[in-house]
S.K.: 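This is the structure I want to talk about, given as structure tokens.
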Amino acid sequence: MAKSKYEYVKKFEQNETCLLNCWIVVRIDGRGFHKFTQDHLYEKPNDIRGLSLMNFCAKEVMKQFHDIVISYGQSDEYSFVFSKNTSQFKRRSCKLMSNIVSLFSSSFVFYWKTFFLNDLIYPPQFDGRIILYPSLQNIRDYLSWRQADCHINNLYNTCFWSLVNKGGLSTLDAELKLKGTLAKDKNELLFSEFDVNYNDISPIFRKGNIVIRQKVAEEIMKEKNGESVKVKKEKSDTVILHDDIIGENFWKKFPEILT
Ligand code: ATP
Ligand code: ATP
Ligand code: MG
Ligand code: MG
Ligand code: MG
Ligand code: MG
């Protein structure tokens with residue numbers, strides 16, 4: 001096709017590509033979800049419908065992007081880790097980030113009704129960023145950082161909402177009461193004032209959500225000598241776990257994920 005005289009403007013485009021041999025992390029995070037979750041009547045501190053919707057969207061993303069080897073989600077965020085040798089979009093960072101963020105956002109809206117009875121009252125937004133990790137230690141530490149964040153926030157939020165919902169404190173008083181407290185003080189407060197053993201709280205809230213691929217057995221119908229028969233087949237599917245990913249056990253169990 002003949003080029004127009006305007007074609008030169010394309011030269012202004014910047015096509016940054018992700019450094020080779022690095023794990024590529026795309027992290028998305030809901031914009032203003034403190035307000036969004038209030039406006040959409042989420043249960044506090046943890047609305048299971050909200051988390052299930054986030055997990056469903058993450059699975060959808062992994063269905064369409066086969067080079068994502070593991071994902072980790074908590075609260076209004078999800079991190080997608082691409083294999084270090086992926087050639088998806090020729091490793092162009094804008095393409096990777098924008099396609100993930102838009103697929104996640106459109107899935108969030110598309111599947112909203114599967115999880116919530118109340119309607120969306122305005123369109124949600126997510127931001128996205130890309131981070132490259134060159135070593136196994138770095139990518140492990142990244143995932144540990146997000147899971148530690150999940151724990152810290154969940155312990156705080158569990159205390160805060162216990163004080164407000166069960167203890168009858170105002171949100172301001174609850175905030176003041178928790179100011180400067182250590183993890184052990186928060187555990188003690190939950191136990192002595194609300195008879196809650198923090199470790200008994202569901203791991204989905206304490207540990208967050210890990211999505212990996214696993215082989216699952218599947219039965220399909222196949223034609224054989226003019227008859228249709230059942231045959232067993234292995235297929236790869238995404239599964240959600242709530243395991244600890246800071247310690248060694250998880251990585252000993254699934255050593256192939258970060259290779
Ligand atoms: P920003 O735009 O800077 O990300 P934000 O308001 O989204 O601002 P975050 O730090 O991302 O701030 O925090 C997410 C907020 O959404 C928290 O207040 C968290 O409690 C709330 N939230 C997210 N998911 C849930 C859920 N499943 N149940 C209850 N609250 C949730
Ligand atoms: P890529 O993922 O590389 O962008 P693409 O299939 O989206 O691939 P584009 O070059 O973006 O390719 O072209 C968009 C395509 O969508 C064209 O085939 C165009 O005809 C079609 N399309 C977009 N909007 C309309 C529309 N309103 N009516 C009919 N066809 C449309
Ligand atoms: Mg933020
Ligand atoms: Mg947010
Ligand atoms: Mg967040
Ligand atoms: Mg297009």
Side-chain angles (χ1 to χ4, degrees), residues 1 10 13 15 25-59 61 64-65 71-80 88-90 92 94-109 111-118 120-131 142-166 170-172 174-175 178-179 186 190 198 201-211 240 242:
M1 225 202 301
K10 197 143 171 58
E13 284 186 12
N15 280 322
V25 175
V26 179
R27 183 167 81 250
I28 61 99
D29 184 287
R31 180 170 185 207
F33 262 47
H34 181 70
K35 181 166 189 303
F36 177 90
T37 53
Q38 281 177 351
D39 292 343
H40 290 85
L41 313 173
Y42 276 47
E43 281 166 28
K44 293 289 179 174
N46 293 299
D47 190 307
I48 189 72
R49 299 166 302 176
L51 294 171
S52 305
L53 173 58
M54 293 288 290
N55 288 345
F56 204 79
C57 296
K59 282 176 141 232
V61 168
Q64 302 211 27
F65 290 91
S71 307
Y72 177 74
Q74 52 124 340
S75 180
D76 67 340
E77 69 169 62
Y78 240 101
S79 298
F80 299 97
Q88 182 79 56
F89 299 130
K90 299 199 177 86
R92 286 166 65 190
C94 278
K95 282 267 189 183
L96 281 163
M97 199 258 277
S98 60
N99 277 288
I100 297 286
V101 112
S102 89
L103 176 58
F104 193 93
S105 308
S106 67
S107 301
F108 192 93
V109 174
Y111 295 115
W112 172 268
K113 278 224 158 290
T114 316
F115 295 91
F116 287 87
L117 292 172
N118 48 324
L120 271 172
I121 53 177
Y122 51 80
Q125 293 174 50
F126 290 86
D127 70 17
R129 72 194 70 192
I130 284 228
I131 322 113
Y142 172 81
L143 292 166
S144 298
W145 174 52
R146 296 326 300 148
Q147 189 165 58
D149 188 79
C150 174
H151 163 72
I152 293 164
N153 288 333
N154 188 57
L155 180 58
Y156 181 92
N157 290 337
T158 305
C159 289
F160 180 88
W161 289 104
S162 297
L163 289 168
V164 172
N165 291 338
K166 299 181 199 164
S170 70
T171 51
L172 187 67
E175 206 179 311
L178 291 174
K179 211 172 171 178
K186 295 191 188 76
L190 285 175
Y198 184 74
I201 290 173
S202 171
I204 185 174
F205 305 141
R206 286 185 295 114
K207 301 287 181 194
N209 307 274
I210 300 132
V211 199
I240 310 260
H242 312 292

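Atoms within each ligand, like the ligands themselves, are counted from 1 in listed order.
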S.K.: Under 30°, 30 to 60°, or over 60°: which ring-plane class applies to Tyr122 and Phe36, parallel, tilted or perpendicular?
M.R.: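 Ring orientation, 0 to 90° scale: perpendicular.
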S.K.: Show which atoms of ligand 1 fall inside a sub-4.0 Å distance from at least one heavy-atom site of Leu51.
M.R.: 27 (N)
S.K.: Run the ring-centre check on Phe205 versus Tyr198 and record whether the distance is less than 6.0 Å.
M.R.: no
S.K.: Determine whether the aromatic ring centres of residues Phe108 and Phe115 are separated by less than 6.0 angstrom.
M.R.: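 They do not qualify: ring centres at least 6.0 Å apart.
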S.K.: Identify which of Gly73, Gly50, Pro45 has a heavy atom lying nearest to atom 29 (C) of ligand 1.
M.R.: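 Shortest heavy-atom distance from atom 29 (C) of ligand 1: Pro45.
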S.K.: Under a 4.0 angstrom heavy-atom cut-off, which atoms of ligand 1 come close to Tyr42?
M.R.: 25 (C), 26 (C), 27 (N), 28 (N), 29 (C)
S.K.: Does Asp47 approach ligand 1 within less than 4.0 angstrom via side chain, backbone, both or neither, non-hydrogen atoms only?
M.R.: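 Contact part for Asp47 vs ligand 1: both backbone and side chain.
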S.K.: Under 4.0 Å from a heavy atom of Asp29: which atoms of ligand 1 are those, numbered in the order shown and with their elements?
M.R.: 4 (O), 11 (O)
S.K.: Relative to the ring of Tyr111, is the ring of Phe56 parallel (under 30°), tilted (30 to 60°) or perpendicular (over 60°)?
M.R.: perpendicular
S.K.: Heavy-atom contacts with Asn46 under 4.0 Å: which atoms of ligand 1 show up? List them by number with element.
M.R.: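 Matching atoms, with element in brackets: 28 (N).
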S.K.: Applying a strict 4.0 Å limit to heavy atoms, is Glu43 in contact with ligand 1?
M.R.: yes
S.K.: Would you tell me which option among His40, His34, Lys44 has the nearest heavy-atom contact to atom 20 (O) of ligand 1?
M.R.: Lys44
S.K.: Taking atom NZ of Lys44 as the centre, report whether more than 12 heavy atoms of other residues, nucleotides or ligands fall under 6.0 Å from it.
M.R.: yes
S.K.: Compare every heavy atom of Ile201 with every heavy atom of Arg206, then report the nearest pair and how far apart it is.
M.R.: NE-O, 2.7 Å
S.K.: Numbering the atoms of ligand 1 from 1, which are under 4.0 Å from a heavy atom of Arg31?
M.R.: 2 (O)
S.K.: Please check if the number of heavy atoms outside Leu117 that lie under 6.0 Å from its CG is greater than 12.
M.R.: no
S.K.: State, to the nearest 10 degrees, the angle whose vertex is the Mg ion (ligand 5) and whose arms point to OD1 of Asp76 and OD2 of Asp29.
M.R.: 100°
